[in-house]
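Data first, discussion second: the structure below is written as structure tokens.
Small disclaimer: the values here were computed from a predicted structure and weren't measured. We name chains A, B, ... by the order of the sequence lines, and we start the count at 1 in each one.
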There are 2 protein chains.
Amino acid sequence: MKNEKISMKDIAEMSGVSIATVSRVINQNGRFSSETEQRVMSIIEKYDFRPNELARGLRANKAQAVGVIVPDITNEFFACVVREIEIELLKKGYMAIVCDTNEAMDLEKKYIAMLKSLQVGGIIYIAGDTNVKCIENIPTVYVDREPMMIEDMMASTFIGSDNYQGGYIATRRLIDAGKKEIVLVLHKKSLTTQKRRLDGYKQAIRDAGMKFNENLIIKVENVDMDHGYEVTKKIFESELNPDGIFYSADILAIGGMRYLNKMKIAIPEQVSIIGFDDIPLSSQITPALTTVKQSYTEFGHLASESIVKMMNGDADYRKYILSVQLVERETV
Amino acid sequence: MKNEKISMKDIAEMSGVSIATVSRVINQNGRFSSETEQRVMSIIEKYDFRPNELARGLRANKAQAVGVIVPDITNEFFACVVREIEIELLKKGYMAIVCDTNEAMDLEKKYIAMLKSLQVGGIIYIAGDTNVKCIENIPTVYVDREPMMIEDMMASTFIGSDNYQGGYIATRRLIDAGKKEIVLVLHKKSLTTQKRRLDGYKQAIRDAGMKFNENLIIKVENVDMDHGYEVTKKIFESELNPDGIFYSADILAIGGMRYLNKMKIAIPEQVSIIGFDDIPLSSQITPALTTVKQSYTEFGHLASESIVKMMNGDADYRKYILSVQLVERETV
DNA sequence: GTGAAAGCGCTAACAT
DNA sequence: ATGTTAGCGCTTTCAC
């Protein structure tokens, strides 16, 4: 009940060895006899002792932790990526410190500062914007959203999907379904992800011999279900009359479908819908959402792998562009 | 580019004062002239210096951080609670360290150990189970899921919803809609939340002069959409023939609705559905889910408030039982 | 194989 | 108003 906090010094005294030896045993740094090891270990277990990570970190000049910056933890896609990262990092002996910025740039800055003062060894950064300068003096892996590399370009790692390909196959699918007026709903922020998807869209349109129409590209302020609903309402209340909509995120599509359902617009007969991400939810709604799958498992796995390498000085500076697949369900 | 890490010692040298003075300025502990303050501050800003939290924490014998343990970050309800907590804690100058345990008890133990060795000042604990012993020697706020208090009972705080009331009004609503065979889908784990909702259900049934039927209580292994689907399938493939289902979580209900839609079972004409939580998603699907609302905002707010009080020795040992409301939408 | 001791960056008690 | 210094718990050189 009242275990006063125990330190290595206490363990040392109780085992009748010096604190240096205790340290060696704990870190398995050799130079101790196996009898000593046994004795020390048994005391450690008896008191359930774990070394103070603050002191360790101070000594090592960095914590056994990595910061993870996420723009929106309530978006199932990011939540899944984060879970994956946490699990992987834990396996490797690191603690993940997750910071949800709610897409606010000022919070992002604040969290980066705090993470630095916490002396995290690295940062996994799912940026809220692309005008971010690279984080300085600390290993960083950029995930999903690629920052404008100002300088430092070669000293960083990026993990993202093939968004161009994603934009292309989604649009192509809609064209193949005979759709003629295809709206693309994009996130307003200047994200490379959005730009690439647009490029893919354009190319698919051109390849089909159709004419690219600027007015069919609609930007949305925020990526959530409400904005998906509102933008769709706006579209149908305008002079546009699309027979296909490609949303840049599943949750936008889900919000949009609510509007279509409400207005009794048949999916996919009147309007086909296609999303992006393939969050677990997308297979659950009715009709189930056709979408472009990004693998959050791979994102998380690669990100943790990569940041740990970097922290060990094992530079891993490159871009990983993961391929993307069309998941056919019921909305096209 | 190559700013070597700067410490208070460097700041002190550059400002021509002692490191103690720098410390006083930073912490606004008084006993320095305003000229000194200006000079020191300007250097600090120039170098964007922030004190090493590891060293601070070591000195203070605890970090300016609180651990947050969550059973499932991909569940929108918990994600929303976490967001709220993070924001509130940041305002108060604390860092949140979020640990997603994915409903695994062993991970939970591991994370608690890690948080302790990180010397967090407190823990906000949304337990995965109820058989948890209280966390020892560290201020803890239990949220949503109440642990069996072994000892230590009076030295802890709990924040939860009025689950009995929630169970009652949901069931009552179904009864009022004329439903006769009402299934209750519960989480299998021994959670007090589940038990209370069951109690509310029973009471409502009895109050209506109906007979409680044990067979109508179905337990589910895990709370996610897939389990919602599967359990609903199982129900309709059994000899049961419910005209109302009360799911103990919105995401279960959403999975269940997929099955009903697939089988062309009309909601709410043939079967009425009611959920629990009121996650943002529930208002977005078609038909929109009738549910019992728990306020994640209040959860998060109270939890952060309370843990900070406790860490300041300002004991706040009590139970907060938040009231709950029926949100009428389209599935009843 | 083991121990003594320095020092990581900071705060606070004690001088002045 | 400011400086000196001990010490938080740990790792790691350097002696033996």
Side-chain angles (χ1 to χ4, degrees), chain A residues 3-41 43-44 47-65 93 113-114 116-121 137, chain B residues 3-41 43-44 47-65 93 113-114 116-121 137:
Chain A
N3 2 348
E4 303 305 319
K5 256 179 207 164
I6 269 194
S7 75
M8 273 184 38
K9 196 167 149 221
D10 304 313
I11 301 289
E13 276 167 14
M14 290 187 288
S15 339
V17 295
S18 78
I19 138 179
T21 299
V22 176
S23 172
R24 291 195 193 99
V25 169
I26 287 178
N27 298 298
Q28 290 293 306
N29 272 342
R31 279 170 300 173
F32 49 81
S33 69
S34 71
E35 308 151 58
T36 315
E37 180 177 7
Q38 309 256 306
R39 195 147 27 89
V40 171
M41 283 309 267
I43 304 273
I44 287 179
Y47 289 90
D48 192 26
F49 170 75
R50 308 193 93 228
N52 181 328
E53 285 296 330
L54 256 25
R56 259 198 195 184
L58 178 59
R59 180 69 228 255
N61 203 26
K62 69 170 151 172
Q64 277 288 95
M114 292 192 84
K116 280 188 178 177
S117 61
L118 266 179
Q119 317 297 116
V120 297
N137 297 317
Chain B
N3 3 347
E4 304 305 319
K5 255 178 208 167
I6 268 192
S7 76
M8 272 183 41
K9 197 167 147 220
D10 304 311
I11 301 289
E13 277 167 14
M14 289 187 288
S15 344
V17 296
S18 78
I19 142 177
T21 299
V22 175
S23 172
R24 290 197 194 98
V25 169
I26 287 179
N27 298 298
Q28 290 293 305
N29 272 343
R31 281 172 299 170
F32 49 81
S33 69
S34 70
E35 306 151 60
T36 317
E37 180 177 8
Q38 307 257 305
R39 195 147 29 90
V40 171
M41 282 310 267
I43 305 271
I44 287 179
Y47 290 91
D48 193 26
F49 169 76
R50 305 194 96 228
N52 182 327
E53 286 295 331
L54 255 26
R56 259 200 209 202
L58 179 58
R59 183 64 229 256
N61 203 26
K62 71 169 150 174
Q64 277 287 96
M114 291 192 84
K116 280 188 178 176
S117 62
L118 266 178
Q119 317 294 122
V120 297
N137 297 318

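- In this structure, A/Ser33 and B/Ala55 both approach DNA chain C, and ranking their closest nucleotides by distance from the 5' end singles out A/Ser33.
- With DNA chain D read from its 5' end, the first of the two nearest nucleotides for B/Ile19 and A/Arg50 is the one closest to B/Ile19.
- As rounded to whole Å, 20 Å separates atom P of C/dG9 from atom CD of B/Gln64.
- Atom pair A/Asn52:CG and D/dC8:C1' shows a separation of 8 Å (rounding to whole Å applied).
- Remark: B/Thr36 is not in phosphate contact with D/dA1, judged by side-chain N or O atoms under 4.0 Å from OP1 or OP2.
- Rounding to whole angstrom units, CG of residue A/Leu58 and P of D/dT12 are separated by 13 Å.
- Residue contacts shown for B/Leu54 are absent, as no nucleic acid heavy atom lies under 4.0 Å away.
- A close approach under 4.0 Å does occur between a side-chain nitrogen or oxygen of A/Thr21 and OP1 or OP2 of C/dG3.
- Rounded to whole Å, the distance from CG on A/Asn29 to P on D/dT13 is 10 Å.
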Between B/Asp10 and B/Ser7, is the side-chain contact (heavy atoms from CB on, under 4.5 Å) condition met? List the steps.
CA-CA 5 Å; B/Asp10 304 311; B/Ser7 76; 3.4 Å; yes
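- Looking at heavy-atom distances under 4.0 Å, A/Arg31 makes contact with a base.
- A/Ser7 has no side-chain polar atom (N or O) that falls below the 4.0 Å cut-off from OP1 or OP2 of D/dG9.
- The side chain of B/Asn61 has D/dG9 as its nearest neighbour among D/dG9, D/dC10, C/dC10.
- Between the CD atom of B/Gln28 and the P atom of C/dA12 there is a distance of 14 Å, rounded to whole Å.
- In the set D/dT4, D/dC10, C/dG9, D/dT4 carries the atom at the smallest distance from any side-chain atom of B/Ala20.
- When the P atom of C/dC10 is taken as reference, atom CZ of B/Arg24 falls 15 Å away, rounded to whole Å.
- Residue contacts for A/Ser23: at a heavy-atom cut-off of 4.0 Å it reaches a base atom on one of the strands shown.
- If you check D/dG9, C/dC10, C/dA4 against the side chain of B/Phe49, the one that comes closest is C/dC10.
- Distance check: B/Asn52 CG to B/Met8 CE gives 11.0 Å after rounding to the nearest 0.5 Å.
- Between the CD1 atom of A/Ile6 and the C1' atom of D/dC8 there is a distance of 17 Å, rounded to whole Å.
- Interatomic distance, B/Glu53 CD to A/Leu54 CG, rounded to the nearest 0.5 Å: 9.0 Å.
- A 6.0 Å sphere centred on CD of B/Glu35 holds no more than 12 heavy atoms belonging to other residues, nucleotides or ligands.
- At whole-Å resolution of the value, CE in A/Met8 and C1' in D/dC8 are 14 Å apart.
- Scanning all heavy atoms of the two residues, the minimum distance from B/Phe32 to B/Thr21 falls at CB-CG2, 4.4 Å.
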